[in-house]
Amino acid sequence: MAIDTEKLSGAESLRKTRTYGKVRCHNPSCMGRLQPRSGDDHVKCPTCGMEYRLVWVRPDFPRIRGPVWDVNRRLAQEVLAKKAAKKEGK
Amino acid sequence: MEPMGKVLMINYEKCTGCRLCELVCSVMHEGVSNPSRSRIKIMKWESEGLYIPMSCQQCQDAPCIAVCPVKAISRDETLDFLKVDYDICIGCRACVSACPFGAMSFDVIAKKVIKCDLCDGEPQCVRFCEIEALEYVDADRVSVFKKKEAAQRLSLAQKEAAALQAEM
Amino acid sequence: MALNRKIAYIDLSTGKVETKPIPLEVRKKFLGGRGLDAYLLFNHTEKGIDPLGPKNTLMVSAGILTATCASATARTHIMAKSPLTDLLGSANMGGFFAPELAWAGFHHLVIKGKAEKPIYLWIHNGEIELRDASQLWGKTTTETQWAIREELGDEDIKSAVIGPAGENLVRIANVMTGIKNAAGRSGMGAVMGSKNLKAIAVRGTMDIKIAYPLEALEYNKRFIDQIVSAKVNQTQGTLGTPFIWGATNSWGGIRTRNFQYNQCEYADDIEPERIDEICTETMGPYHMTGCFGCQVHCRAQYRIPSGPYAGKYDEGPEYTSQGAFGGEPDCKNAVTVLTGNHLVDQWGMDNLETGSLISWAMELSEEGILTSKDIDGLDLRFGNDEALLEMIRRIAFREGWLGDTLAEGGIRAAEKIGKDSFEYLIQVKGMSNLHSDERATPALALGIATGSRGSDHLRSRPAIDLYHLPEEVLRKIYSNPVPYDGPLSSEHTSYVGKPWQVLWQELCYMGVDCLGICKYHTTFLGATLPNFEDWAKVIYYNTGLEITPTDIWTVAERCYNIERLFNLREGLTRDDPKKGDTLNHRYFDEPCRRGAPDVIGSKIDRKKFKKMIDEYYEHHGWDENGVPREETLKRLGLDKEPSHLL
Ligand code: SF4
Ligand code: SF4
Ligand code: SF4
């Protein structure tokens, strides 16, 4: 049977695209790549303004622990209010 | 060739109990998947989440050598491990009873005694154990690693004790 | 040939046992595991039988790769008609049971009838024995396993068992092995209980032949590298599945207070890192463990740090427990989550279903639909941890009116409770939804609505949709192994192309379930993990079966269609709110009240959802009612089912 061991499978070839040292913004439509400084416990997304608490799985591997609740809640409420205003305006 | 000889070092605290080592050991040696024919075995205390890999210690003063009535077991000079010569072995299993670690086993399918042969210097169990519960290191390094770990635990304990005293 | 493996038919009513080799023809059509189980279920049950009666048939199986030299082939599949949904019952678990079953000489068990009194099966190197289990009846899941080992004098025995919940025919009871590996969903534990089957104990020292041992060994190394190099798996290996809960809660995809909110705010005590701290404090720095042959090791070990169960050892909690005993009932305490997890593990109940139903009841009592008389004086409100834990016990032991009612599962309970209680029940096909909220993610919503065992995240979940991968990357994934040139969208809020993604993931998960591999080792949470192409190689090296990636795709399609045929036979219709491909109306009517800026305010659009379903059926070759077309069945060789090949 023709099994090509040398050839990378589709999934394997995608591995090149992986980056370390960055996290992606948890705001699904933003997903901006954030690059915190090693050891920071906190990061703010420059694109959408959401703020997150950080942990470090390894010194080169940051992870978002969770949102900064007050900040992100306020941002979301503002957007919702704008959406509502727009609807009424129509 | 390493003059010191390398040994299989087991860090049982790290072992996740996955038994991949058992699997690859049997595939490597017998060409089948069958942990009961593996040279390494994970002892488990499941109700406490404790897993300890057991394999041959390649003892210096080895009870298996001493007990073998036909002198089938000898030390491999290059890799410094104990090997069984199956042309001589009569399958009496005296070594199985003598080994204090249970590391000499009896393969009921091939009807022969089996023990770790370090995979001719490329231990497969080590290669597959991503978590590094198994390592293949120079014999003289083992105690250094252990010393360091123990020392670290000690220093942590001392720090904790100091902190407790300070609180009192 | 390396694929020379056996199936056993066991009739508990007569005690008769029959074993047969599994023909290669059948392997080629259904591979093994879930796929072959589905075939057997369709062939070995009659329409309309009582799931808790002797005519239901229970399938227990290992995958085609189980116990071969491949990574994480630990999964056991269990199938029967579900006492919870009256449709397909299907559940999957990790641990060490399936490989042991394989070394004991069997890959598939077909269990029929009902034993007169409690028994357990003892399967050992090709032999099957029915043994008295009266001394085991009433024992918890772990007590049962240790007692069997003691009785038979072998520490290496692995058992799949039921706890008190299964004995009490609680319709959300599961089957368990080890400390916490559970075939959780669709009430398979109740099916065992109804057959008086307390446990299946296995132990084997037989060889599983490997077709090309050295090649298999080498390829396995490469396969494992692919698996452990994925960031998602490195995170799993440190924090376990709770990390998914953390990330999802962060943007607002976690059901809270049944379905009132989509985010559990300020829940810092049940964040993955907090749970990890407790595991470290109680079990030391190396507290991760895993299933057979797995290098991801996603399962944490812990001892409950305080409370009435302080000091008890358990594993997990998976993110399902975080949702079920944390977010949904709005109990934001780690100790509650860890304790709830421990209780359902011990008594043998699906954590997800238990937490969901209790949260539903909490909302019903808040709405005045359940009165304090109904709940036997319990203060069943959101955020009451004690009431939550007490309710778990009442369900497991069918205590009190509400305990007994919830033990019947959501739909039956809603019928008993009456009023408009059903409107609050977050379910699909009678099975409670995961604690996730899919209102902002149409692809995920479609996945749960169409799942063959009811609402479920492990039948089809295009989770990578949330990563906003570039379209060309998405296309690379989703047009392999069969070409797809229809529309695709990287937008998680979009409805475009999602039906194809759902179908693709569906067949991908069917594939892993036939192979017996864990879903964290395929395209689920990470885009770089193995799928069809990689599997063709593993199958070949290990079993010698020559199969192409497209063949595996077709097998998966065939198996998925058999599941569909079973469901249609048992009464599935497209728009039935209880048995259809539908969602609770709240998905369409109530917008999300929390979450990230683009999540807050979202809900599913009815029209677009309907269109997605149409499109999804079309991709499958089903008509507008979701019934496979004649030509589809012909193409898959299913036009003459049941065909009784086995
Ligand atoms: S492979 Fe490593 S982690 Fe797995 S059982 Fe063996 S020693 Fe333990
Ligand atoms: S070194 Fe080789 S022979 Fe020894 S236990 Fe490991 S795999 Fe087996
Ligand atoms: S990833 Fe987790 S669930 Fe899957 S096989 Fe490994 S340990 Fe088991």
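Below, chain A is the first sequence line, B the second, and so on; all start at residue 1. The shown structure was predicted, so the numbers you read here are calculated from the model rather than taken from an experiment.
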For this session: Locate the shortest heavy-atom distance separating Ser250(C) from His26(A); write the atom from each residue and the value.
Result: OG-ND1, 2.7 Å

Seminar exercise, completed: To the nearest 0.5 Å, atom CZ of Phe243(C) lies from atom CD1 of Ile64(A) at 12.0 Å

Exercise. Side chains of Thr238(C) and Arg63(A): closer than 4.5 Å at any heavy-atom pair?
Worked result: no

For this session: Tell me the residues of residues 594-603 of chain C whose non-hydrogen atoms fall below 4.5 Å from those of chain A, in number order.
Result: Gly595(C), Ala596(C), Pro597(C), Asp598(C), Val599(C), Ile600(C), Gly601(C)

Exercise. Are side-chain heavy atoms of Trp251(C) and Met50(A) found at a separation under 4.5 Å?
Worked result: no

Exercise. Does any heavy atom of chain A fall under 4.5 Å from the side chain of Glu273(C), the backbone, both, or neither of them?
Worked result: both

For this session: Answer with side chain, backbone, both or neither: which region of Tyr467(C) has an atom nearer than 4.5 Å to a non-hydrogen atom of chain A?
Result: both

Problem set entry | Atom group of Gln263(C) that falls short of 4.5 Å from chain A, counting heavy atoms | side chain

Exercise. Between Gln77(A), Arg58(A), Arg24(A), which residue shows the highest count of heavy-atom pairs closer than 4.5 Å to chain C?
Worked result: Arg24(A)

Exercise. For the atom pair CG (Asp268(C)) and CH2 (Trp69(A)), what is the distance rounded to the nearest 0.5 Å?
Worked result: 7.5 Å

Problem set entry | His468(C) (side chain) donor-acceptor with Cys30(A) (main chain) under 3.5 angstrom | no

Show me the donor-acceptor pairs, under 3.5 Å and distance only, between side chains in residues 39-49 of chain A and residues at least two apart or in other chains.
from	atom 1	to	atom 2	distance (Å)
Asp40(A)	OD2	Arg37(A)	N	3.3
His42(A)	NE2	Glu51(A)	OE1	3.3

Problem set entry | Ala267(C) versus chain A, the contacting section by heavy-atom distance below 4.5 Å | backbone

Problem set entry | Pairs of heavy atoms under 4.5 Å with chain A: top-ranked of Arg274(C), Gln234(C), Glu491(C) | Gln234(C)

